[in-house]
A.B. asks: 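Attaching a single structure in structure tokens format; questions to follow.
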Amino acid sequence: MAAPDHRAPGDPGTLATLLSDDPAEVAAHLLDGWLISQLGERVAVRITEVEAYGGVGQDPGSHAHRRRTPRNAAMFGPVGHAYVYFTYGMHWCANAVCADSGIAGAVLLRAGAPLTGLDDMWAARPAARRVRDLCSGPAKLCQALGLDGAFDGADLVAREGRVTVVDDGVEPPAEPGVSTRVGLSAGSDHPWRWYVPGDENVSARRTGTRRGRAGRAEAAGG
DNA sequence: CTTTGGATCGTCT
DNA sequence: GACGATCCAAAGG
């Protein structure tokens with residue numbers, strides 16, 4: 001909820017190295033890292049939920065499963081850059097590209113805990129009622145940080161980028177929550193979703209008959 | 001608190 | 001022409 005005072009963004013350089021590996025290997029390491037944008041002043045969140053997506057022929061749930069297309073091109077590009085896509089006719093979602101060069105892969109940034117720039121986030125998300133409504137979902141996160149198609153391909157590990165993912169040196173959870181991915185019709189069997197246990201800034205999984213199975217409020221429990 | 005239906009358009013078949 | 005890596009308002013317990 002409130003921003004811990006002791007946290008301070010560090011050197012983004014080490015992150016590029018981290019991301020040069022399989023999405024499923026690196027995804028959980030992004031938990032508790034910082035995602036910062038320059039909407040208004042400085043808007044920052046602590047990453048609380050991520051999902052891994054694989055490359056061609058590796059992952060039926062991935063946009064890159066079939067082949068490279070104009071939309072998913074960023075997934076085949078440099079590690080540490082953003083893959084931002086438009087979905088459901090109205091929402092943007094952002095990924096951090098990873099995997100070795102030439103092999104498509106990405107980590108979807110699904111949720112975050114607001115740290116700084118709360119005023120800008122409230123302004124960017126009029127529908128939000130509580131703090132946990134600001135960034136508790138991939139499209140909410142993008143809206144709160146002002147991320148859209150203009151950020152597709154942006155360098156997330158550049159020292160002075162418009163959007164930056166930063167490792168603040170704080171270790172990610174020793175035992176992160178794990179589950180299957182949200183909202184998929186294919187590839188939903190892989191346990192490639194990770195989240196900070198007990199954090200309320202985590203997306204709610206739909207429990208209805210449309211998809212998925214018995215998911216619950218996994219933010220609870222600890 | 002939970003559940004349901006609707007919005008809305010780019011992308012790929 | 002179909003379907004989303006989703007969110008929100010409304011309605012019911």
Side-chain angles (χ1 to χ4, degrees), chain A residues 22-24 26-28 30-31 35 47-76 81-99 104-112 114 121-122 124-153 178-195 200-221:
Chain A
D22 273 3
V26 310
L30 293 181
L31 292 176
L35 177 63
I47 299 170
T48 58
E49 180 184 354
V50 296
E51 282 178 355
Y53 287 88
V56 177
Q58 298 177 334
D59 176 10
S62 173
H63 288 168
H65 178 53
R66 289 178 169 279
R67 72 185 121 267
R68 176 176 178 149
T69 68
R71 176 177 67 159
N72 66 25
M75 282 187 74
F76 294 77
H81 287 223
Y83 166 45
V84 183
Y85 66 90
F86 185 67
T87 190
Y88 287 104
M90 64 195 96
H91 297 308
W92 295 98
C93 297
N95 300 252
V97 174
C98 53
V107 175
L108 174 64
L109 306 175
R110 286 193 57 89
M121 294 195 212
W122 287 116
R125 287 191 37 73
R129 304 268 178 153
R130 300 159 296 184
V131 173
R132 67 170 176 267
D133 297 328
L134 289 173
C135 304
S136 58
K140 297 177 189 175
L141 184 62
C142 280
Q143 195 177 6
L145 296 181
L147 304 181
D148 59 20
F151 292 82
D152 188 36
V178 186
S179 82
T180 53
R181 295 174 293 181
V182 177
L184 302 188
S185 59
S188 58
D189 49 329
H190 295 106
W192 287 347
R193 170 174 174 259
W194 294 268
Y195 55 93
E200 65 178 359
N201 298 283
V202 165
S203 70
R205 179 178 289 230
R206 179 167 279 231
T207 59
T209 56
R210 265 181 75 172
R211 354 192 119 106
R213 20 187 183 284
R216 297 230 58 93
E218 299 177 45

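Chain A is the first sequence line, chain B the second, and so forth, proteins listed ahead of strands; every chain is numbered from 1.
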A.B. asks: A:Arg206 side chain: which of C:dA5, B:dG6, C:dT6 is closest?
C.D. replies: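 Nearest to the side-chain atoms of A:Arg206, counting from C-beta on, is B:dG6.
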A.B. asks: Determine whether a donor-acceptor pair (N or O, by modelled atom type, separation under 3.5 Å) exists between the side chain of A:Arg125 and the backbone of A:Asp133.
C.D. replies: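 Checked: pair present.
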A.B. asks: Enter the distance from A:Leu31:CG to A:Tyr195:OH here, rounded to the nearest 0.5 Å.
C.D. replies: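 Separation between the atoms: 11.0 Å.
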A.B. asks: When all nucleic acid strands are considered with a 4.0 Å heavy-atom cut-off, which category describes A:Gly61: base, sugar-phosphate, or nothing?
C.D. replies: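 Touches a base.
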A.B. asks: Expressed as a whole number of angstroms, how long is the span from A:Gln143:CD to C:dC8:P?
C.D. replies: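 These atoms are roughly 7 Å apart.
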A.B. asks: Is the backbone of A:Gly105 close enough, under 3.5 Å, to the side chain of A:Asp59 for a donor and an acceptor to pair up by distance?
C.D. replies: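 It does not hold such a pair.
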A.B. asks: Between the side chains of A:Arg110 and A:Ser136, is a donor N or O closer than 3.5 angstrom to an acceptor N or O?
C.D. replies: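 Result is no, nothing qualifies.
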A.B. asks: Could you tell me if A:Tyr53 and A:His65 have a donor-acceptor pair between their side chains, going purely by distance under 3.5 Å?
C.D. replies: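 A:His65 vs A:Tyr53: no donor-acceptor pair found between side chains.
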A.B. asks: Look for any protein N or O under 3.5 Å of an N or O in nucleotides 9-13 of chain B and output each such pair with its distance, or none.
C.D. replies:
from   : atom 1 : to      : atom 2 : distance (Å)
B:dC12 : OP1    : A:Thr69 : OG1    : 2.1
B:dT13 : OP1    : A:Arg66 : NE     : 3.3
B:dT13 : OP1    : A:Arg67 : NH2    : 3.2
B:dT13 : OP2    : A:Arg67 : NH2    : 3.4

A.B. asks: From C-beta outward on A:Leu184, which listed nucleotide comes closest to its side chain: C:dC7, C:dA5, B:dC1?
C.D. replies: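 Shortest atom-to-atom distance from the side chain points to C:dA5.
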A.B. asks: Give me the atom names and distance for the closest heavy-atom approach of A:His81 to A:Gly153.
C.D. replies: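 Nearest pair, atom of A:His81 first, then A:Gly153: ND1-O, 2.9 Å.
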A.B. asks: Write down the distance between CZ (A:Arg193) and P (C:dT6), rounded to a whole number of angstrom.
C.D. replies: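 Result: 11 Å.
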A.B. asks: If you only use heavy atoms from C-beta on, which nucleotide in C:dG4, C:dA5, C:dA9 is closest to the side chain of A:Ser185?
C.D. replies: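 The answer is C:dG4.
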A.B. asks: Please state how far atom CH2 in A:Trp92 lies from atom P in C:dC7, giving the value in whole angstrom units.
C.D. replies: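 Rounded to the whole Å, the gap is 15 Å.
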A.B. asks: Give a yes/no on whether any side-chain N or O of A:Arg125 is located under 4.0 angstrom from OP1 or OP2 of C:dC8.
C.D. replies: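 Answer is yes, contact under 4.0 Å.
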A.B. asks: Between atom CZ in A:Arg130 and atom C1' in C:dA9, what is the gap in whole Å?
C.D. replies: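 Result: 14 Å.
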A.B. asks: Once you measure the plane-to-plane angle for A:His63 and A:Tyr85, does it fall in the parallel (<30°), tilted (30-60°) or perpendicular (>60°) bin?
C.D. replies: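 Plane angle over 60°, so perpendicular.
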A.B. asks: Give the rounded distance in Å between these two atoms: NE2 of A:His91 and C1' of B:dA7.
C.D. replies: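 About 8 Å, once rounded to whole Å.
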A.B. asks: Judged by atom type as modelled, is there a donor-acceptor pair below 3.5 Å linking the side chain of A:Glu49 to the main-chain atoms of A:Gly137?
C.D. replies: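 No, because the side chain of A:Glu49 does not come within donor-acceptor range (under 3.5 Å) of the backbone of A:Gly137.
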A.B. asks: Phosphate oxygens OP1/OP2 of C:dA5: is one of them under 4.0 Å from a side-chain N or O of A:His63?
C.D. replies: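 Looking at the OP1 and OP2 atoms of C:dA5, one of them is under 4.0 Å from a side-chain N or O of A:His63.
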A.B. asks: Verify, without hydrogens or angle tests, whether A:Arg181 (side chain) and A:Gly187 (backbone) share a donor-acceptor contact under 3.5 angstrom.
C.D. replies: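 The answer is yes, because a donor-acceptor pair under 3.5 Å joins these two groups.
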A.B. asks: In what stems does DNA chain C take part, counting only runs of at least 3 consecutive Watson-Crick or G-U pairs whose two distances fall under 3.5 Å?
C.D. replies: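 Stem list for DNA chain C: B:1-7 with C:6-12, B:9-12 with C:1-4.
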A.B. asks: Of the nucleotides C:dA5, B:dC1, C:dC7, which has the atom closest to the A:Arg132 side chain?
C.D. replies: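 Out of C:dA5, B:dC1, C:dC7, the nucleotide with an atom closest to A:Arg132's side chain is B:dC1.
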A.B. asks: Is A:Tyr53 stacked on the base of C:dA5, meaning ring centres closer than 5.5 Å and planes within 30 degrees of each other?
C.D. replies: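 Taking the rule of under 5.5 Å and under 30°, the ring of A:Tyr53 does stack on C:dA5.
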